[in-house]
Amino acid sequence: MSASNIELVTKIPVGGNAISVAAVSGRTRLYGIYYTCTATASSFEIRNGAADSATSLITIHTPAAAGQYEIDIPDGGALFDSGAFIDATDVQITSVTLVYAGGVAA
């Protein structure tokens, strides 16, 4: 892990829309992802930047099984030098929590 303070930020859909929102502003290192989803397979991306047009660094494909899932990112984590943006394809992703160090929750 990191010698920095580890923080968490959680994003959920608003108004029946998919999650498409900046999660962390500024340079950050992502150490883990926790998400919940419905019983319909889907996917979401974590993008390096503050918009849905930013470069995708991580893509998660969810199973066709409702539940909660955790992904640990080994070693030094994944560096997002321009912040982290969560971009879900549809409303099947019901929450995403990022475990990170550096940057500021958006």
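The structure displayed is predicted, hence computed values, not measured ones.
Remark: the backbone N or O of Phe85 is not paired with any side-chain donor or acceptor of Arg47 at under 3.5 angstrom. At least one donor-acceptor pair closer than 3.5 Å links the side chain of Thr28 to the backbone N or O of Gly102. Judged by distance alone, with hydrogens and angles left aside, the side-chain atoms of Thr36 form a donor-acceptor pair with the main-chain N or O of Ser95 at under 3.5 Å.
Looking at residues two or more places apart in sequence or on another chain, you find a side chain to side chain donor-acceptor pair (under 3.5 Å) between Asp81 and Asn48. Looking at residues two or more places apart in sequence or on another chain, you find a ring pair (Phe, Tyr, Trp, His ring centres under 6.0 Å) between Tyr69 and Tyr35. Every side chain to side chain donor-acceptor pair (under 3.5 Å) that Ser42 has, sequence neighbours left out, goes to Thr89, Asp90.
Residues Tyr34 and Val99 form no side-chain contact, since every pair of their non-hydrogen atoms from C-beta on lies 4.5 Å or further apart. Between Ile58 and Ile71, the closest side-chain pair of non-hydrogen atoms is not below 4.5 Å. The closest side-chain heavy-atom distance from Phe80 to Val24 is not below 4.5 Å.
When hydrophobic clusters are built by joining Ile, Leu, Val, Met, Phe, Trp and Tyr residues whose side-chain heavy atoms come closer than 4.5 Å, directly or via intermediates, Val9 is grouped together with Phe44.
Around atom CG of Leu8, more than 12 heavy atoms belonging to other residues, nucleotides or ligands sit under 6.0 Å away.
Taking every heavy atom of both residues into account, Ala88 and Ala18 meet most closely at O-CB, 3.8 Å. Scanning both residues, Ala65 and Cys37, for their nearest heavy atoms gives O-SG, 3.8 Å.
The CD atom of Glu45 sits 10.0 Å away from atom CG of Asp52, with the distance rounded to the nearest 0.5 Å.
Each of Thr97, Val21, Leu98 was compared with Lys11 under the side-chain contact (heavy atoms from CB on, under 4.5 Å) criterion, and only Val21 meets it. Shown are Thr38, Ile19, Ile60, Ile86; of these, the side-chain contact (heavy atoms from CB on, under 4.5 Å) with Ile93 is made only by Ile19.
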- Message: Walk me through whether Val96 and Ile33 qualify under side-chain contact (heavy atoms from CB on, under 4.5 Å).
- Response: CA-CA 7 Å; Val96 177; Ile33 302 166; 4.2 Å; yes
